[in-house]
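Report on the following structure.
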Amino acid sequence: MTSNTGPAAVAFDAVVLAGGRAARLGGADKPGVRVGGRALLDRVLAACSAATTTVVVAAPRPTARPVVWAREEPAGGGPLAALDAGLRRTAADLVVVFSADLPFLRERTVRDLVAAVGAGDGALLTDPDGRDQPLVAAYRGAALRRELARIAAEGPARAGSGLAGLPLRLLTERLDLARIAEPLAAFDCDTWDDIAAARARIREHGHVVLDEWISAVKDELGIDLDVDTGALLDLARDAAHGVARPAAPLTTFLVGYAAGLAGASGGPQAVAEAARKAAALAARWAEEGEPAQGSPPASGAPAGAAPDAASGGPHAASGSPDAASGGPHAASGSPDAASGGPHAASGSPHAAPADENPGAR
């Protein structure tokens, strides 16, 4: 269970349906199938992180986040029976309901669904063909309980079977629901082709790769902190270009370490402040490597000559970084070799790419 701590946030619980036979996957353990390095179930749980209580209806298994477990009667009795079992473990007025096979569900979508309920019974997503997706939705708990009780009581042919085996449309047909068209978030993985498409999208679509990686790392490390990744990428770029390429990962590590020392109370602000200080230092460092306009030439050099020409040979001035190893740009940590500076020839193996962090700007 996690707390919904936003100052203007609306409290809600979550029910995730993770049972089923996965017949179209050949009976594979669908909630455990990995997309972007994370199990499908864990991806959905991450999107529900703001829920007060998260209930997973399935046989218990290890998960990246703490949850409450429930089981439908009978086991494998279908989505309505599973929803009924999960709903019994919730208390909030609003309940988000998701299947466990939604690789592109995000916290933003969950918030949008909760906000869209308004005065009605709920809100759900529609797929690219405009069809309702009742397992990507937010509902009023009271409306769900009312309709589930009605369905269970109707139909003499179902006497004794309760909600087992009944279709979801029986639940939604009488509810007052808002609809949101968000095809990507509504995409579910029913087949291996769907799994392959989800994996390909994560690896091939620009900034999606970075967002996916950051989310996966935070889940793996148990970090629930939102930070300005753009600022950190800018810092890494500045450290790489203005100091040396290895400075980029080491600097960002030290920023994270400093923020950690500030304690949990620092939050994202601690990361932002540490990044600001490190970026300012990188800027000062880079400025010192640039010749000041109108500054006197190096000792012994004719006016207007480059510092390297002082001894008559390229990059040969006594004490220059290049002279340390006898080869042009050969010194370890040379600013020019590391950052693609004025002495880094285009195409040189020592020249840094034009932008170490594409998409950082």
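In this text the structure is predicted, and so the values were computed from the model without any measurement.
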Single hit among Leu144, Leu166, Val97 for side-chain contact (heavy atoms from CB on, under 4.5 Å) with Leu171 = Leu144
If you look at every heavy atom in Val95 and Thr90, which pair is closest and at what distance?
-> CG2-OG1, 4.0 Å
Going hydrophobic residue to hydrophobic residue with side-chain gaps under 4.5 angstrom, can you get from Leu170 over to Leu83?
-> yes
Kindly determine whether Arg108 and Glu182 satisfy salt bridge (Lys or Arg N to Asp or Glu O under 4.0 Å), including the steps that lead there.
-> CA-CA 11 Å; Arg108 175 181 57 79; Glu182 196 170 330; 3.6 Å; yes
Ser99 versus Asp101, closest heavy-atom pair with distance | OG-OD1, 2.6 Å
Residues two or more places apart in sequence or in another chain: which of them pass salt bridge (Lys or Arg N to Asp or Glu O under 4.0 Å) with Arg34?
-> none
Which residue pairs satisfy the side chain to side chain donor-acceptor pair (under 3.5 Å) criterion with at least one member in residues 132-141, sequence neighbours excluded?
-> Asp93-Arg140, Asp127-Gln133, Asp132-Arg179
Measure across Ala248 and Ala240 and return the closest heavy-atom pair with its distance rounded to 0.1 Å.
-> CB-CB, 4.0 Å
Evaluate the salt bridge (Lys or Arg N to Asp or Glu O under 4.0 Å) criterion for residues Arg88 and Glu73: first the C-alpha distance (whole Å), next the side-chain angles of each, then the deciding distance (0.1 Å), finally the verdict.
-> CA-CA 12 Å; Arg88 294 175 186 274; Glu73 291 291 343; over 6 Å; no
Yes or no on side-chain hydrogen bond (donor to acceptor under 3.5 Å, both in side chains) for Thr191 and Asp193, after CA distance, side-chain angles and deciding distance?
-> CA-CA 5 Å; Thr191 68; Asp193 285 344; 4.9 Å; no
Write down the atom of Val15, the atom of Leu87, and the distance for their closest heavy-atom approach.
-> CG2-N, 4.2 Å
Count the heavy atoms of every other residue, nucleotide or ligand shown that sit under 6.0 Å from CZ of Arg61, and state whether that count exceeds 12.
-> yes
